[in-house]
Amino acid sequence: MSYTATDLMPNTHYMVKVVAINGEGDGHPANETVNTNEEVPLKPGQITANKIKNSSLTLAWNLTDPSPGNTTYTIYTYESIDATGTNFLMNKSSKVYGFDTKTLLVTGLDEYWPYKFKVNAATLKGNTTSEFSSVFRTKQGGESFCYVF
């Protein structure tokens with residue numbers, strides 16, 4: 001006799017208990033522990049930026065539950081090659097670890113400059129990459145004054 005459990009969560013620990021029952025009563029239980037496999041993550045989405053300053057911003061993204069397993073995010077920063085923000089080149093990447101870690105403080109950005117981002121989510125089973133974010137522009141710095149006495 002066999003049984004196939006369906007709709008299980010990925011990368012989850014399950015305990016299965018089987019007991020045979022007949023006219024004489026319950027038999028001895030058999031216990032088995034099973035871990036389900038990791039899965040390839042879904043595609044990250046809804047990339048947003050907040051706390052935008054002149055050289056940094058906080059990037060956030062969404063990845064739908066359930067957790068596919070031990071997840072590593074790689075965030076790719078694309079910098080505009082001109083002030084209009086129409087053409088971009090990837091200039092750095094950063095990693096964050098854990099399915100629930102879905103924000104990153106991106107630093108070292110140029111003042112009043114356009115950027116966009118991609119987020120890659122990976123487990124041991126594979127990875128998926130988001131579409132490009134909207135274009136986010138860092139803030140312009142405060143005015144500088146030079147006093148001559």
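A quick note: this is a predicted structure, and the numbers were derived from the prediction, not measured.
Judged by the 6.0 Å distance and 45° axis criteria, Lys116 is not positioned over the aromatic ring of Tyr78. Taking the ring axis of Tyr112 as reference, the NZ or CZ atom of Arg137 stays within 45° of it and closer than 6.0 Å to the ring centre.
In this structure, CG in Asn62 is found 6.0 Å from NZ in Lys102, a value given to the nearest 0.5 Å. The distance from atom CG of Asp100 to atom OG1 of Thr71, rounded to the nearest 0.5 Å, is 8.5 Å. Distance check: Glu131 CD to Lys43 NZ gives 4.0 Å after rounding to the nearest 0.5 Å. For the atom pair CG (Leu104) and CD1 (Ile75), the distance works out to 5.0 Å, reported to the nearest 0.5 Å. Of the inter-residue distances, the one linking Thr58 atom OG1 with Lys51 atom NZ reads 5.5 Å to the nearest 0.5 angstrom. The distance from atom CG of Leu59 to atom OG of Ser94, rounded to the nearest 0.5 Å, is 9.5 Å.
Residues Thr36 and Met9 fail the side-chain proximity criterion, which asks for heavy atoms closer than 4.5 Å. At least one side-chain heavy atom of Ser56 sits under 4.5 Å from a side-chain heavy atom of Leu105. Using a 4.5 Å cut-off on side-chain heavy atoms (C-beta onward), Pro68 and Glu38 make no contact. The side-chain heavy atoms of Tyr115 and Ser80, taken from C-beta on, include no pair separated by under 4.5 Å. At least one side-chain heavy atom of Leu63 sits under 4.5 Å from a side-chain heavy atom of Pro41. With a 4.5 Å cut-off on side-chain heavy atoms, Pro44 and Thr128 count as touching. Using a 4.5 Å heavy-atom cutoff, the side chains of Thr129 and Val119 are not in contact. No side-chain heavy atom of Glu39 sits under 4.5 Å from any side-chain heavy atom of Asn11.
Surrounding NZ of Lys125 are at most 12 heavy atoms belonging to other residues, nucleotides or ligands under 6.0 Å away. Counting heavy-atom neighbours within 6.0 Å of His28 NE2, excluding the residue itself, gives a total of 12 or less.
Remark: the backbone N or O of Asp110 is paired with a side-chain donor or acceptor of Thr138 at under 3.5 angstrom.
Aromatic pair Trp61/Phe117: centroids not less than 6.0 angstrom apart.
Looking at Thr72, Asn127, Thr74 one by one, the single match for side chain to side chain donor-acceptor pair (under 3.5 Å) with Asn120 turns out to be Asn127.
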Problem set entry | salt bridge (Lys or Arg N to Asp or Glu O under 4.0 Å) between Glu32 and Lys17, intermediate numbers included | CA-CA 6 Å; Glu32 185 73 32; Lys17 182 177 185 178; over 6 Å; no
